[in-house]
Amino acid sequence: MKMVNKLLAGALVAAALFAFAGCDKPDAGTEGLIKKGSPGNAEINYENTGDTMARGFESLATKHLDGVCAIENTINELEDTSKITNGVMGYIFGIVTDDTDKDNIKYSFSIAGVRYNQKTKKVNAYVESFKDVPKADLEKQLTGGKKAKDSPQYKDANGTNDSSGFGFDLGSKDDFVKDGVMKVWIEVIANDGTTPGRTGTKDTYTVKFFNADPKRKSGPQQAPWDLEYNTGAPEAKITVTVLADNVYAKGDKFTDMEADMGYYANVQPKQTMNGTWKISKTSKEAEEIAE
C-alpha cells in the first residue's frame with residue numbers, strides 16, 4: 001500500500017518549495033504533493049488535512065514543444081454532498097520561469113485541468129493561462145489568470161459550458177469512468193499555422209481532451225515538425241485554443257515555443273486525491289520519454 005502524504009494544517013502550507021534533482025528550474029507548490037517517477041510519469045497519493053487548498057506542479061527535466069498527457073484519477077464519492085470535487089489534476093505547459101530575482105521567482109504557464117463533479121456526475125475541464133505568478137503564491141488561490149474562454153479563440157471551442165463556471169462539461173461519468181477510475185487524455189499542439197498537424201493560428205496552442213488514446217505517433221524531434229496519427233484516432237470531446245504569449249516573450253520563432261511542461265494538481269481542504277500522469281509523444285525532446 002502506498003503511503004499517503006499528509007499536509008499538516010498551517011505548517012506545510014507555508015513550507016519552503018523545493019527543486020527536483022536533475023531539473024534546471026525549481027518546481028513549485030505544496031511539498032510532497034506530486035511524486036515523479038520514470039521520465040514522463042508521476043503520481044499523487046495525497047491527503048490534505050489542512051484548511052486551505054494544496055496546490056503545485058512538477059515539470060519534466062527538459063523542455064519540449066508539446067505532447068500527450070494521460071491522466072488517471074480514482075473517483076472519491078465525497079461524504080459531504082455539498083462539495084463538488086476533491087480537486088483537479090492537470091497538464092501544465094508553456095512554463096516560463098523568471099528567476100532574475102532569486103528572492104521573487106515568478107512563473108508564467110497554461111493549465112489544462114480536469115475534475116470529476118460529484119453533483120452532476122460529469123467530468124469537467126478547463127484551460128487557463130497565468131502570467132508572472134510568484135512562486136510562493138502557487139499554494140494559494142491563483143489570481144491574475146485568464147481563462148481561454150475569455151479570449152477570442154475560445155468562442156470556437158466545441159463543448160457545453162459547465163454550469164458551475166469551472167469550464168466545460170467533457171462528458172458523463174459513463175464516458176470517462178471505469179471501475180472507479182476517471183481517465184482523460186489531453187493533447188497539446190504547438191501551432192505555426194502551416195505545418196501538417198499544426199495549422200491552427202500561429203503562436204497558439206491547440207488543446208484537445210479525449211476519453212481514449214488520441215493515437216498520436218511519436219512526436220518529431222527536428223524539422224519538419226509534422227504531426228501524424230495512427231488509424232482509428234478518436235474525435236476530441238473538446239478542442240480549445242490558447243495564446244502562447246507566455247513563451248513568445250522570449251523569441252518569435254516556432255521553436256521558441258519549446259518550454260517546460262509537466263504535472264499539475266490541487267487538492268481541496270480535508271480531501272484526498274489518488275492518481276497518475278503519463279506524458280508521451282513529446283516533440284523536440286532532450287530527455288528520453290518511455291513510450
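Everything numeric in this text was worked out from a predicted model, so none of it was measured. Heavy-atom basis, side chains included; hydrogens, waters and symmetry copies ignored.
- Between Phe176 and Tyr116, the ring center distance fails the sub-6.0 Å criterion.
- Tested against Cys69 for a side chain to side chain contact (heavy atoms under 4.5 Å, CB included), the candidates Val188, Thr282, Ile279 yield a single pass: Ile279.
- Here the side chains of Trp185 and Val68 are in contact, with some heavy-atom distance below 4.5 Å.
- Looking only at side-chain heavy atoms (C-beta outward), Val207 and Val242 come within less than 4.5 Å of each other.
- Between His64 and Met261, the closest side-chain pair of non-hydrogen atoms falls below 4.5 Å.
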Please report the C-alpha distance between Glu187 and Phe209 in whole Å, then the side-chain angles of each, then the deciding distance to 0.1 Å, and finally whether the side-chain contact (heavy atoms from CB on, under 4.5 Å) criterion is met. CA-CA 7 Å; Glu187 181 182 17; Phe209 296 85; over 6 Å; no
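- Side-chain contact between Tyr263 and Ile44: absent, with no pair of heavy atoms (C-beta onward) separated by less than 4.5 Å.
- Ring-plane geometry between Phe93 and Tyr205 is classed as perpendicular, the angle between the planes exceeding 60 degrees on a 0 to 90 degree scale with a lower cut at 30.
- Under a cut-off of 6.0 angstrom, the local environment of NZ in Lys83 is sparse, with at most 12 non-hydrogen atoms contributed by other residues, nucleotides or ligands.
- In this structure, Ile95 and Phe57 have side chains that are in contact, with non-hydrogen atoms separated by less than 4.5 Å.
- When the shell of 6.0 Å around NZ of Lys178 is examined, it contains 12 or fewer heavy atoms from other residues, nucleotides or ligands.
- Remark: the backbone N or O of Ser59 is paired with a side-chain donor or acceptor of Lys36 at under 3.5 angstrom.
- Connection of Val177 to Phe210 is not established within any shared hydrophobic cluster, with ILVMFWY side chains joined at heavy-atom distances below 4.5 Å, either directly or through further cluster members.
- Contact annotation: the side chain of Asn86 never approaches that of Gln268 to less than 4.5 Å [non-hydrogen atoms, C-beta and beyond].
- For the pair Asn274 and Asn45, the minimum side-chain heavy-atom distance is below 4.5 Å.
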